[in-house]
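Note sheet for the following structure.
First the proteins, then the strands, lettered A, B, ... as listed; each starts at 1. Keep in mind the model is a prediction, meaning the values are calculated, not measured.
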There are 2 protein chains.
Amino acid sequence: MKQQNIFHDAGIRETPIRKAILSIFETSKTPLSAQDIESHTKLATLHPDTVTIYRTLETFCDAGIIRRIELQEGKFRYELEQEHHHHIVCLSCGKIQDIHDCIDEQTQRRIKKETGFTIQRHSLEFFGICADCRTA
Amino acid sequence: MKQQNIFHDAGIRETPIRKAILSIFETSKTPLSAQDIESHTKLATLHPDTVTIYRTLETFCDAGIIRRIELQEGKFRYELEQEHHHHIVCLSCGKIQDIHDCIDEQTQRRIKKETGFTIQRHSLEFFGICADCRTA
DNA sequence: ATATCTGCAAATTTTTTGCAAAAAG
DNA sequence: CTTTTTGCAAAAAATTTGCAGATAT
């Protein structure tokens with residue numbers, strides 16, 4: 001199946017709001033909250049309702065277009081579903097950077113064996129102080 | 001300094017509500033949400049206000065008595081600050097179990113080096129299906 | 001045309017803030 | 001008796017639900 005359109009492929013309709021939100025994710029360097037999306041300039045002319053943002057995020061998650069993460073902020077953030085990775089967050093300025101290290105397969109096998117759980121996914125997030133904030 | 005009283009040691013006052021909440025944590029096998037605390041039987045006779053629960057949790061966190069975690073539920077959970085560990089959550093029944101595996105020191109050093117961040121803490125949570133739910 | 005999507009209104013859930021009365025040390 | 005803690009009232013922030021009108025295909 002040739003991928004011509006991410007919306008058609010996911011079996012959902014292509015609308016101006018969805019195209020704008022997808023484009024926001026495609027150009028964002030960090031995971032975004034529902035608020036980040038709503039206040040993004042690319043949505044300025046469409047000014048979708050808050051509810052529509054939440055519903056779009058849920059639809060995109062269900063379609064496997066984006067992924068939902070938590071960074072100890074008491075809210076969710078979302079980012080494009082892409083190669084597996086994690087994050088490191090600066091506790092001083094809030095900067096979020098991707099991490100490509102992960103727990104090894106061997107450890108996951110041990111966890112499965114010891115707990116009896118099958119593992120579907122995991123989260124791994126680091127919190128610290130970035131170089132800029134340390135020198136500032 | 002001999003530890004006679006966790007409250008005195010933390011420089012906070014010992015009150016019936018705080019003693020009850022501490023005792024709830026001490027006997028709980030899983031991390032608890034603010035709601036879990038509020039509806040716990042041990043608080044039935046004291047029936048503290050919701051605000052007091054939240055303020056107590058914050059005070060306990062600041063005092064290093066408990067730790068705040070997120071398990072992709074859109075709310076916080078809290079557990080006694082004890083030996084470093086992580087969790088595995090059953091996506092079917094919600095069961096939360098402790099994990100004592102962790103990312104290795106070598107990986108953390110690499111992350112520090114590659115990102116320039118100093119690392120203060122990290123979260124590592126697994127999500128899957130427990131044995132009971134698989135056989136049921 | 002018909003199924004899907006969006007907006008509006010309203011509500012729910014989680015958490016926070018301000019102030020005065022109550023309790024701890 | 002002074003400082004800290006609690007309750008009450010209120011609000012903020014994040015997210016969800018129902019329904020009717022608008023839009024995509």
Give the minimum heavy-atom separation between [X] and [Y], together with the two atoms involved.
{"X": "A/Ser123", "Y": "B/Gln72", "answer": "CB-NE2, 4.5 Å"}
{"X": "B/Lys95", "Y": "B/Cys130", "answer": "NZ-SG, 3.2 Å"}
{"X": "B/His86", "Y": "B/Glu125", "answer": "C-OE1, 4.0 Å"}

In whole Å, I'd like the distance from the [atom1] atom of [X] to the [atom2] atom of [N].
{"X": "A/Asp36", "N": "D/dA13", "atom1": "CG", "atom2": "P", "answer": "14 Å"}
{"X": "A/Ile53", "N": "C/dG7", "atom1": "CD1", "atom2": "C1'", "answer": "12 Å"}
{"X": "B/Leu71", "N": "C/dT14", "atom1": "CG", "atom2": "C1'", "answer": "16 Å"}
{"X": "A/Glu70", "N": "C/dT14", "atom1": "CD", "atom2": "C1'", "answer": "12 Å"}
{"X": "A/Leu43", "N": "C/dG7", "atom1": "CG", "atom2": "C1'", "answer": "15 Å"}
{"X": "A/Asn5", "N": "D/dA24", "atom1": "CG", "atom2": "C1'", "answer": "12 Å"}
{"X": "A/Asp49", "N": "D/dG21", "atom1": "CG", "atom2": "P", "answer": "17 Å"}
{"X": "A/Leu57", "N": "C/dC5", "atom1": "CG", "atom2": "C1'", "answer": "15 Å"}

End-to-end bend of the helix from C/dA1-D/dT25 to C/dG25-D/dC1 (five-pair axes, 10° rounding)? 40°
Does some side-chain heavy atom of A/Glu114 sit less than 4.5 Å from a side-chain heavy atom of B/Gln97? no
Given side chains that start at C-beta, do those of B/Cys93 and B/Asp132 come closer than 4.5 Å, heavy atoms only? no
According to salt bridge (charged side-chain N to carboxylate O under 4.0 Å, His left out), does anything in residues 20-37 of chain A pair up with another residue at least two apart or in another chain? List the pairs. A/Asp36-A/Arg77
Any donor-acceptor N or O pair under 3.5 Å, side chains A/Thr52, A/Asp49: no
Between the side chains of A/Glu79 and A/His87, is a donor N or O closer than 3.5 angstrom to an acceptor N or O? yes
Check this for me: B/Gln82, atom CD, are more than 12 non-hydrogen atoms of other residues, nucleotides or ligands nearer than 6.0 Å? yes
Under 4.0 Å protein heavy-atom contacts per nucleotide of nucleotides 15-25 of chain C, with B for base, S for backbone only and - for none: BBBBB---BBS
